[in-house]
**Q** 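Just passing along the structure, written as structure tokens.
Numbered from 1 within each chain, the chains take letters A, B, ... in sequence-line order.
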Protein chains: 2
Amino acid sequence: MLEVSPSDQYLRASADTPLLDLYAAVPAGLYLPFPPLELPGGLGGLVSRGGFAQTFFFGSEVLGLTFIAPSGRRVVAGGRTVKNVQGYDLTRPFVGSFGRLGQAETITLRLRPGLISAHHARPGTLADAQDSRARFVWQHGDTLHAFHFGHVREVETVMQAFGGEPVTAALDYRPLFPGGMGVGEGGPLRDRRFGWADGGQVPEVPALFARVAASL
Amino acid sequence: MLEVSPSDQYLRASADTPLLDLYAAVPAGLYLPFPPLELPGGLGGLVSRGGFAQTFFFGSEVLGLTFIAPSGRRVVAGGRTVKNVQGYDLTRPFVGSFGRLGQAETITLRLRPGLISAHHARPGTLADAQDSRARFVWQHGDTLHAFHFGHVREVETVMQAFGGEPVTAALDYRPLFPGGMGVGEGGPLRDRRFGWADGGQVPEVPALFARVAASL
């Protein structure tokens, strides 16, 4: 399942959809809340881990989802449009819950408008890009990446400040994580939230969050 | 308790702090995620109801909070800065939970930069302002209000499109809600999410959200 509404600026897709399939499905002038690259677990994996490389609040870009809770119960959370966010929110706790609240079935993402996009890479580490205004910044080995979309002049300004060279190849980071994409030091990828390492390790689960998970 | 960090762009305050006291405490050039007016219940009431008049995702502006859950347990959720949003999120479900997850003690809000702000009012209803790019739009009786902050030219553009006359008086809407500020039709205020009526009525609580509340 993959449904795009350009007028209401959302995309709804099965959790197992690869990220680059979503990029292929979105019409020109609209953008997704992740950079154009492939990660383990597709859309469901991305949302379960709380996004990748974003420099903004990722939770607000997930408008709604259905998931199977640990009890086996099917949960329908959130709506399809921004104005449907009316409280009693079970969407946001699912985002970044690393599977503890269950497995997503379908996910609705907000799309945002942009005239152009750019992806640059250069040698460096995240510490060198603290002030970057790019929407996405991440480090792969010793290479720093930035992806941005928006108005023409704004994208040019952000990329000029970042430096580096344009990247045109489609990146597939799945082979970096044969045992699953988890958090941890010493792994091949890093963003502002975590180091990402092979093996699927998750951040420590607070006891109270475990109680919430058990209640669903 | 009221603590402001201009460098990290956050404000932390007791839940019972009046909204206009927060406006008075914030230094020039930084803005709060609500318009400069007073509502029942101060900061805690605002967050419990999921904000007022915003045209953006209010949940992302609440960086963290402490609250007393229905069980009497004290819950510490979220952090103080944007990058601390790392998953296992109990902040966002509290926002807009209309008291069902408990009562807030202290709340940390994100502050956003702006060079100037403007507040205009004109006759009209929310249906007339669907396309407004103002950060806050609300209707009081037959009068439509817009509040915006940002760069000088942007604020001017948004307010020119909205029309109306500048409002300089501090608005206190508390007397409109002697029985509490609840949702419902026929009340004196309206924003894009709800009609707001006297009496403290809350939207229907989904069964699953009640289970989450009982687990905390």
Side-chain angles (χ1 to χ4, degrees), chain A residues 47-51 54-63 67 69 71 73-79 81-101 110 126 130 137 183 191-194 202-216, chain B residues 47-51 54-63 67 69 71 73-79 81-101 110 126 130 137 183 191-194 202-216:
Chain A
V47 169
S48 171
R49 295 184 297 263
Q54 70 273 354
T55 60
F56 50 85
F57 180 64
F58 182 75
S60 58
E61 311 304 296
V62 183
L63 299 177
F67 62 96
S71 65
R73 191 181 280 115
R74 189 158 175 272
V75 178
V76 179
T81 61
V82 175
K83 73 174 177 185
N84 282 350
V85 178
Q86 296 206 332
Y88 307 131
D89 182 2
L90 290 177
T91 304
R92 252 57 59 171
F94 185 91
V95 176
S97 65
F98 288 90
R100 289 309 169 274
L101 291 197
R110 179 174 186 169
L126 277 179
Q130 298 268 32
V137 177
V183 301
D191 63 16
R192 287 194 184 165
R193 294 163 65 227
F194 294 115
V202 306
E204 198 186 340
V205 183
L208 208 56
F209 198 84
R211 291 173 61 97
V212 168
S215 77
L216 288 179
Chain B
V47 169
S48 171
R49 294 183 299 262
Q54 70 274 354
T55 60
F56 51 84
F57 180 64
F58 182 75
S60 58
E61 311 304 296
V62 182
L63 299 177
F67 62 95
S71 65
R73 192 182 278 114
R74 188 157 175 273
V75 178
V76 179
T81 61
V82 175
K83 73 174 177 186
N84 283 348
V85 178
Q86 298 206 333
Y88 309 130
D89 182 1
L90 290 177
T91 305
R92 252 56 61 170
F94 185 91
V95 176
S97 66
F98 288 89
R100 288 309 168 274
L101 291 197
R110 180 175 186 168
L126 277 178
Q130 298 267 33
V137 177
V183 302
D191 62 17
R192 287 194 184 166
R193 294 164 65 229
F194 295 115
V202 306
E204 198 186 341
V205 183
L208 208 56
F209 199 84
R211 291 173 61 97
V212 169
S215 77
L216 289 177

**Q** State, with a plain yes or no, whether a side-chain heavy atom of B:Val95 is found less than 4.5 Å away from one of A:Arg92.
**A**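 No; the side chains remain at least 4.5 Å from each other.
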
**Q** What distance separates B:Ser97 OG from A:Asp89 CG, expressed to the nearest 0.5 Å?
**A**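 Rounded to the nearest 0.5 Å, the OG-CG separation comes out at 10.0 Å.
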
**Q** Identify which part of A:Val202 has an atom lying under 4.5 Å from any heavy atom of chain B, answering side chain, backbone, both or neither.
**A**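 For A:Val202, backbone and side chain are both near chain B.
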
**Q** So which of B:Gly50, B:Pro93, B:Ala214 has the biggest tally of heavy-atom pairs under 4.5 Å with chain A?
**A**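 It is B:Pro93.
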
**Q** Testing the basics here: between B:Pro203 and A:Tyr88, what is the closest heavy-atom pair and its distance to 0.1 Å?
**A**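 Smallest heavy-atom distance, with atoms named: O-OH, 2.7 Å.
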
**Q** Checking B:Glu204 against chain A: side chain, backbone, both or neither under 4.5 Å from a heavy atom?
**A**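 Contact with chain A is through the backbone of B:Glu204 alone.
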
**Q** Which pair of heavy atoms, one from A:Phe57 and one from B:Ser60, lies closest together, and at what distance?
**A**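 That would be CD2-CB, 3.1 Å.
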
**Q** Please flag which part of B:Arg73 lies under 4.5 Å from any non-hydrogen atom of chain A: side chain, backbone, both or neither.
**A**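 Only the side chain of B:Arg73 comes within 4.5 Å of chain A.
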
**Q** Side chain, backbone, both or neither: which part of B:Arg211 has an atom under 4.5 Å from a heavy atom of chain A?
**A**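 Backbone plus side chain of B:Arg211, per the 4.5 Å heavy-atom cut-off to chain A.
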
